[in-house]
Participant: 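Dropping the structure in here first, questions after.
Bear in mind that the values here come from a model prediction, so they are computed numbers and not experimental data. Because only heavy atoms are used, hydrogens play no part in the values below, and waters and symmetry mates are left out as well, while side chains stay in.
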Amino acid sequence: MRRPIIAGNWKMNKTVSEAVDFVRQLKVLVADVRDIDIVVAPTFTALRAISREIEGSNIELAGQDVFWESRGAYTGEISPSMLKDVGCRYVIIGHSERRQYFGETNELVQKKIKASLAMGLHPIVCVGEALEEREAGKTFDVVKIQVIQCLEGFSREEMEKITIAYEPIWAIGTGKTATPQQAEEVHAFIREQMGYITNRQISEGVRIQYGGSVNPDNISDLMVHPNIDGALVGGASLKADSFSSVVKFKRM
Ligand code: 13P
């Protein structure tokens, strides 16, 4: 049985005080949730304050990105050990916005995953196709290459720490969610590919989140599907009431 994981990716939003206010409200709203991993990914500047706020609660912390070296002359970068030091359990790697605006390739994503795992962080690895790729019928080819190039070569123990987030780029921030069937189809495909690069037993344990315009109204329909194990939420994770409603989705 895979435990559901719902994560809020705040992207470049919230000052430290806004972040603290948010998480104080969220803590109360989700205090009774026991069977779901709840994760927030604030900006780097808010990590320390949020880490203190969530101590002893059922909310966990993620970085939105990481660098692969542990220290040195890499102006502007943050290492896995720094994320660990500040209380992160998870780290989002290879988000489509990083790939699009900062030229991140599958090869760099793989290096970031490796370095994060070595520090005991749990990577949330993002994959997903662009609109032109979907329209050209290339969704499965694109996702397959991403899965193989980002994830091939990790050990069983490492694979068990990895969560995959399928985020079709055309569904991010557009209000245009993939239908639950479209998402399930790609999730099942990702699991199958994971089975080829590891083995069936390991791939059955890997959690696959869906991301792209998830909100309180569509989460339940997504979560009914057997290969959808959670959500990576952008816009709807910025308000405590909407994020908590996503976390507390109705099971059907
Ligand atoms: P939205 O939920 O705003 O579409 O963003 C999804 C996302 O990119 C989460 O990482």
Participant: Is any side-chain heavy atom of E132 closer than 4.5 Å to one of W170?
Facilitator: no
Participant: Mind listing the closest non-hydrogen atom pair of L121 and P80 along with its distance?
Facilitator: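 It is CD1-O, 3.6 Å.
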Participant: Look at atom CD of Q181 and say whether more than 12 heavy atoms of other residues, nucleotides or ligands are closer to it than 6.0 Å.
Facilitator: yes
Participant: Looking only at atom types and distance, does a side-chain atom of N58 sit under 3.5 Å from a main-chain N or O of D32, one as donor and one as acceptor?
Facilitator: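 Not at all, since once roles are kept as given, no pair shorter than 3.5 Å links the two residues.
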Participant: Give a yes or no on whether the backbone of G235 and the side-chain of N215 come within a donor-acceptor separation of less than 3.5 Å.
Facilitator: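 Pair absent, no side-chain N/O of N215 close to backbone of G235.
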Participant: Once side chain to side chain donor-acceptor pair (under 3.5 Å) is applied, do any residues pair with R134, and if so which ones, sequence neighbours excluded?
Facilitator: E129, Y166
Participant: Decide yes or no on salt bridge (charged side-chain N to carboxylate O under 4.0 Å, His left out) for E104 and R99, but give the supporting numbers first.
Facilitator: CA-CA 4 Å; E104 269 187 28; R99 294 173 186 261; over 6 Å; no
Participant: In terms of hydrophobic clustering (I, L, V, M, F, W, Y; side-chain heavy atoms under 4.5 Å; direct or indirect links), are V246 and I54 co-clustered?
Facilitator: yes
Participant: Can you spot which of M223, H225, E185 makes a side chain to side chain contact (heavy atoms under 4.5 Å, CB included) with P180?
Facilitator: H225
Participant: Between T43 and K11, does a side-chain contact (heavy atoms from CB on, under 4.5 Å) hold up when you go through it step by step?
Facilitator: CA-CA 7 Å; T43 57; K11 309 190 178 182; over 6 Å; no
Participant: Would the number of heavy atoms belonging to other residues, nucleotides or ligands and lying under 6.0 Å from NZ of K138 be above 12?
Facilitator: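 No, NZ of K138 has 12 or fewer neighbouring heavy atoms, counting only those of other groups under 6.0 Å.
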Participant: Of all residues at least two apart in sequence or in a different chain, which pass the salt bridge (charged side-chain N to carboxylate O under 4.0 Å, His left out) check with D229?
Facilitator: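 Salt bridge (charged side-chain N to carboxylate O under 4.0 Å, His left out) list for D229, sorted by chain: R2, R191.
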Participant: Report the distance from atom NZ of K27 to atom CD of E55, rounding to the nearest 0.5 Å.
Facilitator: 9.5 Å
Participant: Do E69 and S79 have side chains that get closer than 4.5 Å, going by heavy atoms?
Facilitator: no
Participant: Within the structure provided, determine whether L117 and I162 are in side-chain contact (heavy-atom separation under 4.5 Å).
Facilitator: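 Yes - at least one pair of side-chain heavy atoms lies under 4.5 Å apart.
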Participant: Would V143 and V186 count as a side-chain contact (heavy atoms from CB on, under 4.5 Å) here? Give the steps.
Facilitator: CA-CA 8 Å; V143 170; V186 181; 4.2 Å; yes
Participant: Return the set of residues passing ring-ring contact (aromatic ring centres under 6.0 Å, His included) with F249 (not counting sequence neighbours), or none when no residue passes.
Facilitator: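 None.
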Participant: Hydrophobic clustering (ILVMFWY, side-chain heavy atoms < 4.5 Å, transitive) - are V127 and V206 grouped together?
Facilitator: yes
Participant: In sequence, state the C-alpha distance, the side-chain angles, and the governing distance for I6 and V39, and then conclude on side-chain contact (heavy atoms from CB on, under 4.5 Å).
Facilitator: CA-CA 6 Å; I6 309 265; V39 183; over 6 Å; no
Participant: Return the set of residues passing ring-ring contact (aromatic ring centres under 6.0 Å, His included) with F44 (not counting sequence neighbours), or none when no residue passes.
Facilitator: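 Checked F44 against ring-ring contact (aromatic ring centres under 6.0 Å, His included); zero matches.
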Participant: Hey, is NZ on K248 packed in by over 12 heavy atoms from elsewhere, all under 6.0 Å?
Facilitator: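 Enclosed.
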Participant: For C88 and G63, work out which heavy atoms get closest and say how close.
Facilitator: SG-N, 3.6 Å
Participant: Might you work through the side-chain contact (heavy atoms from CB on, under 4.5 Å) test for R156 and T198, ending with a clear yes or no?
Facilitator: CA-CA 7 Å; R156 180 197 182 105; T198 56; over 6 Å; no
Participant: Please check this pair: side chain of E152 against backbone of Q149, looking for a donor-acceptor N/O pair closer than 3.5 Å.
Facilitator: no
Participant: According to salt bridge (charged side-chain N to carboxylate O under 4.0 Å, His left out), who are the partners of R200, at least two apart in sequence or on a separate chain?
Facilitator: E204
Participant: Partners of E77 by side chain to side chain donor-acceptor pair (under 3.5 Å), sequence neighbours excluded?
Facilitator: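 Result, side chain to side chain donor-acceptor pair (under 3.5 Å) vs E77: none returned.
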Participant: Tell me, do I164 and L151 make a side-chain contact under 4.5 Å, heavy atoms counted?
Facilitator: yes
Participant: Is it the case that over 12 heavy atoms from other parts of the model lie below 6.0 angstrom from the CE atom of M12?
Facilitator: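 It does not: M12 CE has 12 such atoms or fewer within range.
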Participant: Applying salt bridge (charged side-chain N to carboxylate O under 4.0 Å, His left out), can you list everything that pairs with K161, at least two apart in sequence or on another chain?
Facilitator: none
Participant: Using salt bridge (charged side-chain N to carboxylate O under 4.0 Å, His left out) as the criterion, list what pairs up with R71, not counting sequence neighbours.
Facilitator: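 Residues passing salt bridge (charged side-chain N to carboxylate O under 4.0 Å, His left out) with R71: none at all.
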Participant: Nearest 0.5 Å please: distance from the CE atom of M159 over to the CE atom of M194.
Facilitator: 4.5 Å
Participant: Between T163 (side chain) and R207 (backbone), is there a donor-acceptor pair under 3.5 Å?
Facilitator: no
Participant: Can you list everything that forms a ring-ring contact (aromatic ring centres under 6.0 Å, His included) with F154? Sequence neighbours excluded, please.
Facilitator: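 Scan of F154 (ring-ring contact (aromatic ring centres under 6.0 Å, His included), adjacent residues dropped) gives none.
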Participant: To the nearest 0.5 Å, tell me how far Q209 CD sits from N9 CG.
Facilitator: 10.0 Å
Participant: For a quick check under 3.5 Å, do E184 and N227 share a side-chain donor-acceptor pair by atom type?
Facilitator: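 The criterion, which ignores hydrogens and geometry beyond distance, is satisfied for N227 and E184.
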Participant: Looking only at side-chain N and O atoms, does E167 offer a donor or acceptor that is under 3.5 Å from a partner on H95?
Facilitator: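 The criterion, which ignores hydrogens and geometry beyond distance, is satisfied for E167 and H95.
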Participant: Quick one: are P4 and D35 in side-chain contact, heavy atoms under 4.5 Å?
Facilitator: no
Participant: Starting at CD1 of I219, measure out to OG of S242 and round the result to the nearest 0.5 Å.
Facilitator: 12.0 Å
Participant: When rounded to the nearest 0.5 angstrom, what is the spacing between NZ in K111 and CD1 in I93?
Facilitator: 13.0 Å
Participant: If I take atom CD1 from residue I208 and atom CD1 from residue I228, how far apart are they, to the nearest 0.5 angstrom?
Facilitator: 9.5 Å
Participant: Could you check whether the rings of Y210 and H187 sit parallel, tilted or perpendicular, using 30° and 60° as the cut-offs?
Facilitator: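 Tilted: the ring planes of Y210 and H187 meet at 30° to 60°.
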Participant: Run the side chain to side chain donor-acceptor pair (under 3.5 Å) test against R24 and tell me which residues pass, sequence neighbours left out.
Facilitator: E53
Participant: Any sub-3.5 Å donor-acceptor pair from S213's side-chain atoms to T177's backbone N or O?
Facilitator: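 Side chain of S213 to backbone of T177: no pair is present.
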Participant: Of all residues at least two apart in sequence or in a different chain, which pass the side chain to side chain donor-acceptor pair (under 3.5 Å) check with D65?
Facilitator: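 Residues passing side chain to side chain donor-acceptor pair (under 3.5 Å) with D65: R98, K112.
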Participant: Is it true that a side-chain atom of Q25 and a backbone atom of F22 form a donor plus acceptor pair closer than 3.5 Å?
Facilitator: no
Participant: For I50 versus L61, what's the shortest heavy-atom pair and its separation?
Facilitator: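 Distance-wise, the nearest heavy atoms are CG2-CD1, 3.7 Å.
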Participant: Can you name the nearest heavy-atom pair linking D221 to M252, along with the distance?
Facilitator: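 In terms of heavy atoms, the two residues are closest at OD1-CE, 2.9 Å.
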Participant: Do S244 and L26 have side-chain heavy atoms sitting under 4.5 Å apart?
Facilitator: yes
Participant: What are the two closest heavy atoms between A49 and V20, and how far apart are they?
Facilitator: CB-CG2, 3.9 Å
Participant: Please find the pair of heavy atoms, one from L29 and one from A240, that lie closest to each other, and give the distance.
Facilitator: CD1-O, 3.6 Å
Participant: Below 4.5 Å, heavy atoms only, C-beta onward: do V40 and W10 meet side chain to side chain?
Facilitator: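 Yes, side chains in contact.
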Participant: For the residue pair P168 and T139, establish whether any side-chain heavy-atom pair is separated by less than 4.5 Å.
Facilitator: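 No, every pair of side-chain atoms sits at 4.5 Å or beyond.
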Participant: Do L83 and I113 sit in the same hydrophobic cluster, where Ile, Leu, Val, Met, Phe, Trp and Tyr count as joined when their side-chain heavy atoms come under 4.5 Å apart?
Facilitator: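 Linked within one cluster.
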Participant: Suppose we screen for ring-ring contact (aromatic ring centres under 6.0 Å, His included). Which residues come up paired with F243, at least two apart in sequence or across chains?
Facilitator: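 In terms of ring-ring contact (aromatic ring centres under 6.0 Å, His included), with neighbours along the sequence ignored, F243 is linked to no residue.
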